[in-house]
Asks: 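This structure is in structure tokens; I'll ask about it shortly.
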Amino acid sequence: MTLTLASSLGLALISCESPQEDAREDALEQKADSLENEADRTRKSGEQNADALEQRADRTDNATEEALEEGAEKTRENSERRADQLEEKADDTRDIK
């Protein structure tokens with residue numbers, strides 16, 4: 001009985017987090033959320049820029065159109081890659097907890 005009580009008390013003490021630890025975890029969570037929001041903005045901005053390039057491409061000659069469309073595709077790829085990096089950083093931040 002004493003051993004069970006001691007084990008229970010030990011587990012209770014381990015599971016209690018200090019206010020500082022709670023604040024640290026909250027700060028990490030906010031940082032991760034901020035990174036995810038930045039990733040969303042990066043994707044949206046990249047898509048808007050790519051769409052603008054494609055609209056310009058529609059109003060130009062064939063050679064310029066092809067170059068603009070390639071630029072649009074590269075813009076999408078780069079923004080997606082950057083957004084993925086930000087999301088990975090957000091996941092890594094959450095894993096620190």
Side-chain angles (χ1 to χ4, degrees):
M1 178 93 171
T2 305
L3 183 58
T4 304
L5 181 60
S7 295
S8 296
L9 287 174
L11 287 174
L13 290 174
I14 291 171
S15 65
C16 292
E17 292 183 356
S18 70
Q20 294 85 359
E21 183 64 18
D22 286 340
R24 186 185 77 78
E25 287 184 6
D26 288 344
L28 289 170
E29 188 65 32
Q30 288 176 357
K31 181 178 179 181
D33 288 344
S34 176
L35 289 166
E36 287 177 341
N37 290 336
E38 186 178 348
D40 291 342
R41 288 189 303 274
T42 298
R43 277 196 179 90
K44 184 176 181 179
S45 175
E47 190 61 34
Q48 289 172 339
N49 291 337
D51 287 347
L53 286 172
E54 287 176 338
Q55 288 173 359
R56 282 183 48 208
D58 291 342
R59 297 186 303 268
T60 62
D61 60 60
N62 285 340
T64 305
E65 179 180 9
E66 188 175 313
L68 288 170
E69 287 176 353
E70 287 177 18
E73 183 61 30
K74 291 289 183 193
T75 298
R76 282 191 177 91
E77 289 171 3
N78 290 337
S79 64
E80 189 64 30
R81 184 174 26 260
R82 176 67 180 138
D84 288 345
Q85 290 170 343
L86 289 165
E87 288 178 340
E88 286 177 23
K89 191 172 180 180
D91 290 343
D92 291 345
T93 300
R94 284 196 173 90
D95 289 344
I96 292 171
K97 297 195 284 188

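Residue numbers count from 1 along this sequence.
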Asks: To the nearest 0.5 Å, how far apart are CD in E54 and CD in E65?
Replies: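 These two atoms lie 10.0 Å from each other.
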Asks: Please round to the nearest 0.5 Å and tell me the distance separating atom OG1 of T42 and atom CG of N78.
Replies: 11.5 Å
Asks: State whether the side chain of T60 and the backbone N or O of A57 hold a donor-acceptor pair below 3.5 Å, judged by distance alone.
Replies: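 Present.
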Asks: What distance do E38 atom CD and R82 atom CZ have between them, rounded to the nearest 0.5 Å?
Replies: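 If we round to the nearest 0.5 Å, E38:CD and R82:CZ are 5.5 Å apart.
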Asks: Do D33 and R94 come close enough that some side-chain heavy atom pair is under 4.5 Å?
Replies: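 Sidechains of R94 and D33: in contact.
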Asks: Between S79 (side chain only) and T75 (backbone N and O only), is there a donor and an acceptor less than 3.5 Å apart?
Replies: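 Yes; at least one donor-acceptor contact below 3.5 Å.
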Asks: Look only at the side chain of R59 and the backbone of Q55, and say whether a donor-acceptor pair between them is shorter than 3.5 Å.
Replies: yes
Asks: In this structure, are over 12 heavy atoms from other groups packed under 6.0 Å from E66 atom CD?
Replies: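 At most 12 heavy atoms, drawn from other residues, nucleotides or ligands, come within 6.0 Å of this atom.
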Asks: Measure the CG-CG distance between L28 and D92 for me, rounded to the nearest 0.5 Å.
Replies: 11.5 Å
Asks: Can you list every pair that meets salt bridge (Lys or Arg N to Asp or Glu O under 4.0 Å) and has a residue in residues 42-51, with sequence neighbours left out?
Replies: R43-E80, R43-D84, R43-E87, E47-R76, D51-R76
Asks: So which of R24, K31, E25 actually passes side chain to side chain contact (heavy atoms under 4.5 Å, CB included) with I96?
Replies: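 Result: among R24, K31, E25, R24 is the only option passing the side chain to side chain contact (heavy atoms under 4.5 Å, CB included) with I96.
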